[in-house]
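What follows is one structure encoded as structure tokens, with my remarks underneath.
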Amino acid sequence: MALFRSPASPLPPSLRLRRLLNTSRSKLSLRSPTAMASSSSSSSEHNEPLSSSAKLFHVPALNAHEMEQIADKTVDRYSRSYDAKRRGRGTAIVWFRNDLRLLDNEVLFQAWSSSELVLPVYCLDPRHFATTRYFGFPKTGALRAQFLIECLEDLKKNLVKRGLDLLIRRGKPEEILPSIAKTFGAHTVYAQKETCSEELGVERRVCKGLHLVALSSVSTSNELSGMDSSIDAKPQHASGISFKMGPRLNLIWGSTMYHIDDLPFSTDHLPDVYTQFRKSAESKCRIRDCVKVPKYLGPAPSTNDWGCVPTLKQLGLSLDQVKLGMRFSGGESAALSRVHEYFWKKVKRYEMERVANDSTYWVLFELIWRDYFRFLSIKYGNSIFHLGGPRKVNSNWSQDKKLFDCWKDGRTGYPLIDANMKELSTTGFMSNRGRQIVCSFLVRDMGLDWRMGAEWFETCLLDYDPCSNYGNWTYGAGVGNDPREDRYFSIPKQAKTYDPEGEYVAFWLPQLQVLPKDKRHFPGRSYIQQIVPLKFGNIPRQDGTQIILSDRRGKSRR
């Protein structure tokens, strides 16, 4: 599956990667966390190996002070000078959604330039902590919730540094934002535009709520009796400006590397083949320059209660700390530090030559995939969530819960599948290659409803995004818009190619460490019984080992 980021993703999608790298290509592989932590989910031939005895690796591998220093320098580098002037009046609200960052944030810049006071707001929507639609999994699992908490803590800290703060409220945005807009006399709520139905529904309801807010230039405390009682604030009417119309919602595109307005085609005519999209975008589109936000964003509106970042307990969740594999830190500071670490500390060839290498283009390649899925979600709408997908394929899918639980818990009897699923449940991460393999196994070999896997990924993945997640699963299930992406991933072949010595599976399945390397992927009776036979790709021997055959359905798309 493509590299995709979570709703709490702090990295700007348009990080202007062309300034950091040129283009070349690499091959992804499954790697043990020891190797993975020294590079990224994209493989590199120029890694510094870590101790094989280590069990937990922090990503980035920097302390809090180092991350703060890197983040501050990076944000300063891409910030406007102190002489930047704002031309607006009154108060503008920034509704932070899936863009928890300062760097390259056009929403924040537009709000600042159109006002005298900026009020950043984050709504902890209870619907995000409910259950998934079809199979009732937690919509946001504890690992992703913890990642979100860290992102909010970092955002709040960074806003305070620049003269603002983050107003945090629990509730539905369509109820909270109109109330706050009325209380503070805001003329506009700025937010990042989304593309999927749940988010679009919230946008419509927020817009409707704002239309009902009638603001006047001489508001009194009696007139504000309907305000949010948790907010102690005076109406903010800077410069005596009067807003007789209700505040409006201004949605700004900011979720892709290639801007939607710069595409050489409309989303209705988006190519159904990724390669066509990529080649057209690379040849005809330019990645826009970074949106530079002022270093100082204050003053902030006056209130006695900004609210606090919640704890997991307050969200009704609990979590054992990650003790194995890679422990990813959330927040813009951590994300910028990871970019710094990846390009300037780990990839030695790039550090020496300042040129593209095998890893650098793969990052760009996957970011274009993420763009593509975002645009496809506009073209195909809710069909990406439907069983038949954009192609409206009719298939008899099983929803056998026992089979699914074996897949989910890493008890299929196939070490490559089980190791990947245990890594996901333990860390909230799974490699690009792993996501494709476990998807193929669930759909092709187990015959299960692909939406079960998609919803479980929604629960677990730190980098969950509806467009990329469901776009990838429809492709993996053979119901995506491009029928040529109907691929089968042979476990024996994938194991031989991407984990030839069984280091990855032995890391996550310690009982395999005592076995010879050539038997770790098919250990026979030394491991749990295989729950289903493979559709293609292996012939059992009497001793329980397998004869490895090649894929019968063609190469993978990555």
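This chain uses plain numbering: 1 for the first residue, then up along the sequence.
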Quiz prompt | Electrostatic pair R127:E174 at N-O distance under 4.0 angstrom | solution = yes

Exercise. Show the numbers, then the answer: is there a salt bridge (Lys or Arg N to Asp or Glu O under 4.0 Å) between K295 and D72?
Key: CA-CA 10 Å; K295 292 182 179 179; D72 287 345; over 6 Å; no

Practice problem: For the residue pair V479 and W450, establish whether any side-chain heavy-atom pair is separated by less than 4.5 Å. | Solution: yes

Quiz item: Where do L403 and M446 come nearest, in terms of heavy atoms and distance?
Solution: O-CE, 3.2 Å

Quiz prompt | Point-to-point distance, once rounded to the nearest 0.5 Å, from CD of E68 to CG of N63 | solution = 10.5 Å

Practice problem: Give the minimum heavy-atom separation between L152 and L124, together with the two atoms involved. | Solution: CD1-CD2, 4.4 Å

Practice problem: Could you check if a side-chain atom of T132 sits within less than 4.5 angstrom of a side-chain atom of R451, using non-hydrogen atoms only? | Solution: no

Quiz item: Would you call D104-K292 a salt bridge at under 4.0 Å N-O?
Solution: no

Exercise. Using atom types as modelled and distance alone, determine if a side-chain donor or acceptor of D465 lies under 3.5 Å from a backbone N or O of C467.
Key: yes

Practice problem: Return the orientation label for the F137 and F404 ring planes: parallel under 30°, perpendicular over 60°, tilted otherwise. | Solution: parallel

Quiz item: What is the distance from atom OH of Y78 to atom CG of L102, rounded to the nearest 0.5 Å?
Solution: 15.5 Å

Self-check item: Centroid separation F147 to F328 less than 6.0 Å
Solution: no

Exercise. Applying side-chain contact (heavy atoms from CB on, under 4.5 Å), run through S79 and V293 and close with a yes or a no.
Key: CA-CA 5 Å; S79 295; V293 176; 5.6 Å; no

Quiz prompt | Gap between atom CG of L367 and atom OH of Y258 - 0.5 Å precision | solution = 10.0 Å

Practice problem: Ignoring hydrogens and angles, tell me if any N or O in the side chain of Q314 forms a donor-acceptor pair with the backbone of T311 under 3.5 Å. | Solution: yes

Practice problem: Would you confirm whether D499, through its side chain, and A495, through its main-chain N or O, come within 3.5 Å as a donor-acceptor pair? | Solution: no

Quiz item: Do the charged groups of D463 and R144 touch, with an N to O distance under 4.0 Å?
Solution: no

Practice problem: State, to 0.1 Å, how close R162 and D76 come at their nearest heavy-atom pair, and which atoms those are. | Solution: NH2-OD1, 3.9 Å

Practice problem: Would you give the length of the straight line joining atom SG of C207 to atom CG of L249, rounded to the nearest 0.5 angstrom? | Solution: 5.5 Å

Quiz item: Can a cation-pi geometry be assigned to K422 and W508, taking NZ or CZ under 6.0 Å from the six-membered ring centre and within 45° of the ring axis?
Solution: no

Quiz item: Which class fits the ring pair Y274 and W369: parallel under 30°, tilted 30 to 60°, perpendicular over 60°?
Solution: parallel

Practice problem: Check the pair I149, L315 against side-chain contact (heavy atoms from CB on, under 4.5 Å), reporting the backbone distance first and the verdict last. | Solution: CA-CA 10 Å; I149 287 170; L315 295 176; 4.2 Å; yes

Quiz item: Does a donor on one side chain and an acceptor on the other come within less than 3.5 Å for Y134 and D449?
Solution: no

Practice problem: Check side chain to side chain donor-acceptor pair (under 3.5 Å) between Q146 and all other residues, then give those that pass, not counting sequence neighbours. | Solution: E150

Practice problem: Quick one: do F441 and Y414 satisfy ring pair (Phe, Tyr, Trp, His ring centres under 6.0 Å)? Show the steps, please. | Solution: CA-CA 10 Å; F441 181 79; Y414 293 94; 5.3 Å; yes

Quiz item: Hey, are the side chains of L448 and Q399 touching, using non-hydrogen atoms and a 4.5 Å cut-off?
Solution: no

Quiz prompt | Close side-chain approach of N158 and S333, heavy atoms under 4.5 Å | solution = yes

Exercise. For E194 and N98, run side-chain hydrogen bond (donor to acceptor under 3.5 Å, both in side chains): C-alpha distance rounded to whole Å, both residues' side-chain angles, the deciding distance at 0.1 Å, then the answer.
Key: CA-CA 9 Å; E194 292 296 331; N98 300 330; 3.0 Å; yes

Exercise. Look at atom CG of D405 and say whether more than 12 heavy atoms of other residues, nucleotides or ligands are closer to it than 6.0 Å.
Key: yes

Quiz prompt | Contact summary for W306 and K156, nearest pair of heavy atoms | solution = CB-NZ, 3.9 Å

Quiz item: Between Y470 and W473, does the ring centroid distance fall short of 6.0 Å?
Solution: no

Quiz item: Can you check side-chain hydrogen bond (donor to acceptor under 3.5 Å, both in side chains) on T412 and D418, steps first, answer last?
Solution: CA-CA 6 Å; T412 68; D418 296 346; 2.7 Å; yes

Quiz item: Salt-bridged, K139 to E458, with N to O below 4.0 Å?
Solution: yes

Exercise. Please check if any side-chain donor atom of W253 sits under 3.5 Å from a side-chain acceptor atom of T256, or the reverse.
Key: yes

Quiz item: Can you name the nearest heavy-atom pair linking L317 to A142, along with the distance?
Solution: CD1-CA, 4.2 Å

Exercise. Give a yes or no on whether the backbone of R374 and the side-chain of S377 come within a donor-acceptor separation of less than 3.5 Å.
Key: yes

Quiz prompt | Ionic contact status for K157 with D154, cut-off 4.0 Å | solution = yes

Quiz prompt | Note, S318 side chain near L312 side chain (heavy atom, < 4.5 Å) | solution = no

Quiz item: Looking at CG of L164 and CG of L108, how far apart are the two atoms once the value is rounded to the nearest 0.5 Å?
Solution: 7.0 Å

Practice problem: State, with a plain yes or no, whether a side-chain heavy atom of W407 is found less than 4.5 Å away from one of V438. | Solution: yes

Quiz item: Does the ring center of Y372 lie less than 6.0 Å from the ring center of F277?
Solution: yes

Quiz item: Would Q511 and Q513 satisfy side-chain hydrogen bond (donor to acceptor under 3.5 Å, both in side chains), going step by step from the backbone distance to the final call?
Solution: CA-CA 6 Å; Q511 64 268 43; Q513 293 175 4; over 6 Å; no

Quiz item: Any side-chain heavy atom of D305 sitting closer than 4.5 Å to one from R169?
Solution: yes

Exercise. For N105 and R101, indicate whether the former's side chain and the latter's backbone hold a donor-acceptor pair under 3.5 Å.
Key: yes

Quiz item: Under 6.0 Å between ring centres, would you say that holds for F457 and Y464?
Solution: no

Exercise. Give the minimum heavy-atom separation between T427 and E423, together with the two atoms involved.
Key: OG1-O, 2.7 Å

Quiz item: Salt bridge or not for D125 and R205, using N-O below 4.0 Å?
Solution: no

Exercise. Flag the pair R97 and E203 as a salt bridge only when some basic side-chain nitrogen lies within less than 4.0 angstrom of an acidic carboxylate oxygen.
Key: yes

Quiz item: Run the side-chain contact (heavy atoms from CB on, under 4.5 Å) check on V75 and E332 step by step: do they pass?
Solution: CA-CA 10 Å; V75 172; E332 180 178 25; 4.3 Å; yes

Quiz item: Under the 3.5 angstrom rule, does the side chain of N469 hit a backbone N or O of A454 as a donor-acceptor pair?
Solution: yes

Self-check item: Heavy-atom side-chain proximity of I260 to T267 below 4.5 angstrom
Solution: yes

Exercise. Working to the nearest 0.5 Å, report the span between CD of E198 and NE2 of H128.
Key: 7.0 Å

Exercise. Determine, step by step, whether K161 and Y296 satisfy the side-chain contact (heavy atoms from CB on, under 4.5 Å) criterion, reporting the C-alpha distance in whole Å, the side-chain angles of both residues, the deciding distance to 0.1 Å, and the verdict.
Key: CA-CA 8 Å; K161 286 181 181 180; Y296 181 71; over 6 Å; no

Exercise. Measure from the side-chain N and O atoms of S179 to the backbone N and O of E175, and report whether any donor-acceptor pair falls under 3.5 Å.
Key: no

